[in-house]
Number of protein chains: 2
Amino acid sequence: MRIGIYGYGNLGKGVELAIRQNPDMELFGVFTRRDPASLQLMTEGAKAYAAKDIEQYKDDIDVLIICGGSATDLPVMTPALAKHFNVIDSFDTHADIPAHFARVDEAARAGGKTAAISVGWDPGMFSLNRLYAGCILPDGKDYTFWGKGVSQGHSDAIRRIAGVLDARQYTCPVEAALEAVRSGANPELTTREKHTRLCYVVAEEGADLARIENEIKTMPKYFADYDTTVHFISQEELDRDHKGIPHGGFVIRTGQTGKNGEHKHRIEYSLQLDSNPEFTSSVLVAYARAVYRLNRRGDVGCKTVVDIAPADLSMLSREEILAHML
Amino acid sequence: MRIGIYGYGNLGKGVELAIRQNPDMELFGVFTRRDPASLQLMTEGAKAYAAKDIEQYKDDIDVLIICGGSATDLPVMTPALAKHFNVIDSFDTHADIPAHFARVDEAARAGGKTAAISVGWDPGMFSLNRLYAGCILPDGKDYTFWGKGVSQGHSDAIRRIAGVLDARQYTCPVEAALEAVRSGANPELTTREKHTRLCYVVAEEGADLARIENEIKTMPKYFADYDTTVHFISQEELDRDHKGIPHGGFVIRTGQTGKNGEHKHRIEYSLQLDSNPEFTSSVLVAYARAVYRLNRRGDVGCKTVVDIAPADLSMLSREEILAHML
């Protein structure tokens, strides 16, 4: 299976590394809007190409993994590329998934290609777990918690405040809320009760720290609805202690069965990730295998993780799965 | 969707209760090898029938859920019934799954029917989670822990000892082993290090308790490889405190990504169940929906949980899933 990577940021680099762990795949090349000569790939034999030339390589690529941002890149890139390639993306603007799906589906069908969108961990593995748990325990309630992990969007929002040089924001689940959910009490939790926000901020020398802290804590949408803690630290400390991009979270469903709901059950799925982009990349690569197989079976159009049978992700044969994985 | 239940023990009763939670299904009836008149169903309008007459009801049942034991019932029942009905079972003898699959597949194909075997939580949801996690983190290691929960097989083994009137055995995961696994240390764990066995035993009056305890603790396969604790209690205490059939467990995979495996990740799936048979029944009922849909699409033959796309389990439409579940 020859894989192309479209976009070479954290996610694209993660895909390149993930391909190494999957011996049935090889990297054909990376497509970039930057100068291809400026890219330093990690894979012997793979080349960087100009994004604009991609259609020349239609016959060289089995699946193209599109590693762009959800805000402006993917809504344009994925439908355009799905006409010519089997594609996969990690589109994560939950509210816009139906519209993105419709555009990608139309393009993929027109080209006889298979696409998968919104592949990663949320949307992605968390979606799957919400769906499975809800089907098994229809009489129940589910909760998703995120963290502890870095939110790039919130970190960026802090960096836009006057006097801020750099910042890192962690989203943290509230332990007491997790425990209340696990107990089966079906609590109604406010935004503030579920997560806290922890900020490490590097301020300009002489900046008004009280003002910055206040601007963070009162920022609508991003922070106003949360209990937020702000720590001012030096750039050296930020670079030393907060360089990683960890993330994770929990999907928990509690429900009941029995004559009168007397038996309580809990299904919990959790992730703890040192590198959010590398984990997302690893999910993308596994689903690239499925996209390839679906297309070879003539199953064209757009898919999401809920449409794809688990066995299609696996390097193992049916016989190996039956003998060892069940 | 009209569901038939074949066998009316704990599992069959659980299926009957689970159908109530799924408004797109109705119970047609229960088939039993006992006298049908002796069965007291909980569902208005549903009838008990003699198992031997089942072929008369081919056209009345969309999916037949076979609720027999894995040792002797299912290896015979599922292939025989798969010729005439869409069927589903919870066959759980892991080593015999390939042979059972082959027999059921042949029968289902001959009859143009769809079957799903080994549906439940292990095999079942745990298998799925082992497969997904292994595909996402190929460079890693996974562990399955069971409990705390009742093992019927071990409870039965204790009851066969002379002088024992009744017994309940709990399988318990060792917390220190769980923590070692979660840490990403990839420990090599012996059987003894992973689980302990906790036994509540009712002995005959005047029985030699030391002998019974020794026979339990040294019993090959069942107890000899574990640290086992035996408590002698009265029948009243057993009935009062140990009547339930709870179970559960953990599937944990830790793995690494990055240039040199520098980023560690953990995927954990866990279940905590008040009633093992009712939870298993709930999984069976969700997969019965998928079996029905696969058959209507002409997808015949035997399946397992890894072959079935998650969306096929859901009562929700594609539009609802895209808008709300991803």
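Residue numbers start from 1 in every chain, and the chains themselves are labelled A, B, ... in the order their sequence lines are given, proteins ahead of strands.
- When heavy atoms are compared at a cutoff of 4.5 Å, A:Asp96 does not approach chain B at all.
- The minimum heavy-atom distance linking A:Phe250 with A:Pro173 is given by the pair CE1-CG, 4.1 Å.
- For the residue pair B:Arg103 and B:Pro79, the shortest heavy atom distance occurs at CB-CG, 4.0 Å.
- Both the backbone and the side chain of A:Val305 come within contact range of chain B, judged by heavy atoms closer than 4.5 Å.
- Contact annotation for A:Ile97: only side-chain heavy atoms (C-beta onward) come within less than 4.5 Å of a heavy atom of chain B.
- To the nearest 0.5 Å, atoms CG (B:Asn129) and OH (A:Tyr269) are separated by 6.5 Å.
- If you measure heavy-atom distances from A:Glu16 to chain B, you find no contacts under 4.5 Å at all.
- Applying side-chain contact (heavy atoms from CB on, under 4.5 Å) to B:His247 and the options B:Asp274, B:Asn276, B:Thr280 leaves one that passes, B:Asn276.
- Top candidate by heavy-atom pairs under 4.5 Å with chain A, chosen from B:Leu131, B:Val306, B:Thr254, is B:Val306.
- The choice from B:Val251, B:Leu326, B:Leu322 that makes the most heavy-atom pairs within less than 4.5 Å of chain A is B:Leu326.
- At most 12 heavy atoms of other shown residues, nucleotides or ligands fall within 6.0 angstrom of atom CD in A:Glu106.
- A:Leu39 places a side-chain heavy atom less than 4.5 Å from the side chain of A:Val30.
- In terms of heavy-atom proximity, A:His100 sits nearest to A:Thr78 at CE1-CB, 3.8 Å.
- Between chain A and the residues B:Ser314, B:Gly248, B:Gly134, B:Gly124, the largest count of heavy-atom pairs under 4.5 Å involves B:Ser314.
- With a threshold of 4.5 angstrom between heavy atoms, A:Asp142 does not approach chain B through any atom at all.
- Only the side chain of A:Leu137 comes within contact range of chain B, with at least one heavy atom under 4.5 Å from a heavy atom of that chain.
- Within the 4.5 angstrom heavy-atom criterion, no atom of B:Ala18 approaches chain A.
- Of all the listed residues (B:Ala286, B:Ser282, B:Pro246), the one sharing the greatest number of non-hydrogen pairs under 4.5 Å with chain A is B:Ser282.
- Of the listed residues (B:Ile252, B:Asp307, B:Val285, B:Val283), the one with the most heavy-atom contacts under 4.5 Å to chain A is B:Asp307.
- Chain B forms the most heavy-atom pairs under 4.5 Å with one residue out of A:Glu319, A:Glu262, A:Glu268, and that residue is A:Glu268.
- The most heavy-atom pairs under 4.5 Å with chain B, out of A:Asp312, A:Leu128, A:Asp122, come from A:Leu128.
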Evaluate the side chain to side chain contact (heavy atoms under 4.5 Å, CB included) criterion for residues B:Val119 and B:Phe91: first the C-alpha distance (whole Å), next the side-chain angles of each, then the deciding distance (0.1 Å), finally the verdict. CA-CA 7 Å; B:Val119 174; B:Phe91 184 78; over 6 Å; no
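- Using bins of under 30°, 30° to 60° and over 60° for the plane-to-plane angle, the ring pair A:His265/B:Phe279 lands in the tilted bin.
- Nearest heavy atom pair, residue A:Phe126 against residue A:Gly249, reads CZ-C, 3.4 Å.
- Judged by distance alone, the side chains of A:Thr43 and A:Arg20 never bring a donor and an acceptor atom under 3.5 Å apart.
- Residue A:Leu313 touches chain B through both its backbone and its side chain, counting heavy-atom pairs closer than 4.5 Å.
- For chain B, no part of A:Lys13 is nearby; none of its heavy atoms comes within less than 4.5 Å.
- Counting all heavy atoms, side chain and backbone alike, A:Val15 lies closest to A:Cys67 at CG2-SG, 3.9 Å.
- Residues B:Ile321 and B:Ala311 approach most closely at CD1-CB, 4.1 Å, considering heavy atoms.
- Listed for the B:Thr257 side chain is no donor-acceptor partner under 3.5 Å among the backbone atoms of A:Glu278.
- Between chain B and the residues A:Ser281, A:Cys135, A:Pro123, the most heavy-atom pairs under 4.5 angstrom are made by A:Cys135.
- For A:Asn22, the part sitting under 4.5 Å from any heavy atom of chain B is the side chain, from C-beta outward, and nothing else.
- The part of A:Ile308 that comes within reach of chain B is its backbone (N, CA, C, O), which places non-hydrogen atoms under 4.5 angstrom from that chain.
- Between the OG atom in B:Ser270 and the CZ atom in B:Phe145 there is a gap of 12.5 Å [rounded to 0.5 Å].
- Below 4.5 Å, heavy atoms of chain A meet heavy atoms from B:Tyr287, B:Thr304, all part of residues 287-304 of chain B.
- Only the side chain of B:Arg318 comes within contact range of chain A, with at least one heavy atom under 4.5 Å from a heavy atom of that chain.
- For a residue to count as touching a neighbouring chain, one of its non-hydrogen atoms must lie under 4.5 Å from one of that chain's; by this rule B:Leu271 touches chain A with backbone and side chain alike.
- Note that the CD1 atom of B:Ile117 and the CG atom of B:Asp89 stand 6.0 Å from one another [nearest 0.5 Å].
- For a residue to count as touching a neighbouring chain, one of its non-hydrogen atoms must lie under 4.5 Å from one of that chain's; by this rule A:Leu17 touches chain B with the side chain only.
- A donor atom on one side chain and an acceptor atom on the other are found under 3.5 Å apart for A:Glu320 and A:Ser317.
- The greatest number of non-hydrogen atom pairs below 4.5 Å with chain A, out of B:Lys259, B:Met315, B:Gln256, B:Arg182, is found for B:Lys259.
- Contact of A:Met325 with chain B is made through backbone and side chain together, with heavy-atom distances under 4.5 Å.
- Between chain B and the options A:Arg130, A:His324, A:Lys264, the largest number of non-hydrogen pairs under 4.5 Å is found for A:Lys264.
- Considering only residues two or more places apart in sequence or on other chains, B:Phe101 meets the ring pair (Phe, Tyr, Trp, His ring centres under 6.0 Å) condition with none of them.
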